[in-house]
Amino acid sequence: MPMQLPPPLPPGATIGILGGGQLGRMLVLAAARLGYRAIVFSPEANAPAAQVTNGTIIAAYDDERALARFAAESNVVTYEFENIPFATAAAVADRALVRPSPEVLAICQDRNREKAFLARVGVPVTANIPIADAADLVAAVGQIGRPAVLKSARFGYDGKGQVRIDDTTDLAGAWAELQSAAGTGSGPAGILEAWVDFALEISVIVARSVHGETKAFVPVQNIHEHHILKRTIAPAPIAAPVAAAALDLAHAIARGMGLIGVMAIEMFVGHDGRLLVNELAPRPHNSGHWTIDACPTSQFEQCVRAITGLPLGSTAPFADAVMDNLLGAEADDWLRIAAEPGARLHLYGKDSIRPGRKMGHVTRLTARGASENGA
Ligand code: AMP
């Protein structure tokens with residue numbers, strides 16, 4: 001007899017979103033399109049996501065009463081960034097469905113756990129060693145060699161909490177520098193990784209539904225400036241077998257993790273086409289924003305579909321796309337971009353501009369395959 005599948009949440013149900021940034025904002029908009037309500041939990045009033053929903057709880061992540069109210073009002077809860085405290089997700093999970101599960105969050109919050117998980121499911125990663133103190137670092141550099149990169153195990157993003165170890169780097173100094181950036185948590189605070197001389201960086205966004213169905217978007221190329229994503233090119237200019245291998249890895253990771261939701265998987269492509277997985281994010285991702293304008297189902301709608309139990313939507317792009325982030329004062333150009341024929345402008349409603357802050361993005365489409373980058 002076929003297994004009984006849980007029925008999907010009906011339109012009108014409420015999706016709780018932990019975090020109020022632009023990813024939450026675009027999730028709310030996608031949820032609304034499918035008739036769902038959204039409630040946003042954010043420590044910040046007037047956060048980008050809070051502006052587009054009337055269900056908002058403004059409270060600290062350790063405010064247990066506010067979390068209980070949030071859980072009570074939500075039919076399913078997700079998060080829009082992975083650095084929310086684990087205890088927050090766990091407290092909500094005691095009272096409501098949390099998707100992806102707090103266990104997935106715990107893996108993705110800690111680079112050492114993430115690497116251990118990837119090794120367990122047979123996914124190739126750069127050589128790495130957990131680092132608990134300065135003596136560990138000396139020993140690990142002896143093993144891995146230079147250049148290498150020392151990263152904080154937790155709470156690193158946009159290149160924060162990373163120190164490159166080259167021929168002249170003083171290791172005691174590197175450890176001290178990392179410690180000032182490192183977040184606290186259980187397990188070693190750092191990780192040393194071999195430096196990878198990659199040809200390009202790509203990512204794959206994969207979804208897995210309540211029913212175990214997985215679907216991925218085409219691999220895209222990501223170009224960073226000062227460690228912050230600047231441009232995403234879809235599809236990535238890689239050979240078809242490399243793209244197929246990247247997709248295989250993404251599906252295997254989503255299954256191995258028991259993911260319910262979407263996950264971004266960042267990878268390095270070697271000069272020989274070999275892939276190494278660098279990082280996982282269990283949520284929609286900046287490198288998937290192009291899907292709003294170039295695919296039948298965006299990464300945000302896919303996330304909503306996955307966590308509510310709807311069938312996953314088509315990920316086949318109907319156009320090639322280039323997505324540029326509008327960082328800091330680049331967003332001052334909004335009027336010129338708004339006047340540009342075909343440019344899809346997205347602004348996040350942030351009230352103050354800071355250098356490097358993600359204020360919005362613009363996606364430009366071209367005919368499929370016109371750039372001959374087809375993966
Ligand atoms: P991450 O926070 O791990 O995503 O790292 C931010 C960026 O630093 C990556 O997108 C790469 O450009 C670079 N990076 C991180 N790890 C390595 C590595 N092991 N070798 C070379 N570059 C790296």
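As the structure lists them, so they are numbered: ligands from 1, and atoms in each ligand from 1. For this chain, numbers begin at 1 and follow the sequence in order. The basis for the numbers below is simple: all heavy atoms, side chains too, and nothing from hydrogens, waters or symmetry mates.
Relative to atom 18 (C) of ligand 1, the option among Val149, Leu276, Asp197, Ile223 with the closest non-hydrogen atom is Val149. For the residues Glu114, His224, Glu201, His227, the heavy atom positioned nearest atom 12 (O) of ligand 1 is part of Glu201.
Annotation for ligand 1: atoms under 4.0 Å from non-hydrogen atoms of Arg111 are 1 (P), 2 (O), 3 (O). Atoms of ligand 1 lying under 4.0 Å from at least one heavy atom of Trp195, given by number and element, are 20 (N), 21 (C), 22 (N). Ligand-side atoms of ligand 1 in range of Lys151: 3 (O), 15 (C), 16 (N), range being under 4.0 angstrom from any heavy atom. Shown in contact with Phe198 at under 4.0 Å from a heavy atom are these atoms of ligand 1, numbered in order with element: 12 (O), 21 (C), 22 (N). The Gln162 neighbourhood of ligand 1 comprises atoms 1 (P), 2 (O), 3 (O), 5 (O), 6 (C), 8 (O), with distances under 4.0 Å to a heavy atom of that residue.
Annotation: cation-pi geometry satisfied between Arg164 and Trp195 (NZ/CZ under 6.0 angstrom from ring centroid, within 45° of ring axis).
The only option from Glu225, Glu330, His224 that meets the side chain to side chain donor-acceptor pair (under 3.5 Å) definition with Lys230 turns out to be Glu330.
Taking any N or O of Val196, backbone or side chain, at least one lies under 3.5 Å from an N or O belonging to ligand 1. Taking distance alone, with nitrogen or oxygen atoms compared against 3.5 Å, Thr126 stays at or beyond that limit from ligand 1.
The residue Asn222 has no part lying near ligand 1, judged by heavy-atom distances below 4.0 Å.
Classification of Asp293 and Arg364 as a salt-bridged pair fails, no side-chain N sitting under 4.0 Å from a carboxylate O. Salt-bridge formation is not detected for the pair Glu80/Arg25: no Lys NZ or Arg NE/NH1/NH2 atom is positioned less than 4.0 Å from an Asp or Glu carboxylate oxygen. Electrostatic pairing of Glu193 and Lys115 counts as a salt bridge here, judged by a charged N lying under 4.0 Å from a carboxylate O. Taking a cutoff of 4.0 Å between a charged side-chain nitrogen and a carboxylate oxygen, Asp324 and Arg231 qualify as a salt bridge.
Under a 4.0 Å heavy-atom criterion, Ala194 is in contact with ligand 1.
Atom-to-atom distance recorded for Leu365:CG and Arg368:CZ is 12.0 Å, nearest 0.5 angstrom.
Ring to ring, His289 and Phe300 are close: their centroids are under 6.0 angstrom apart.
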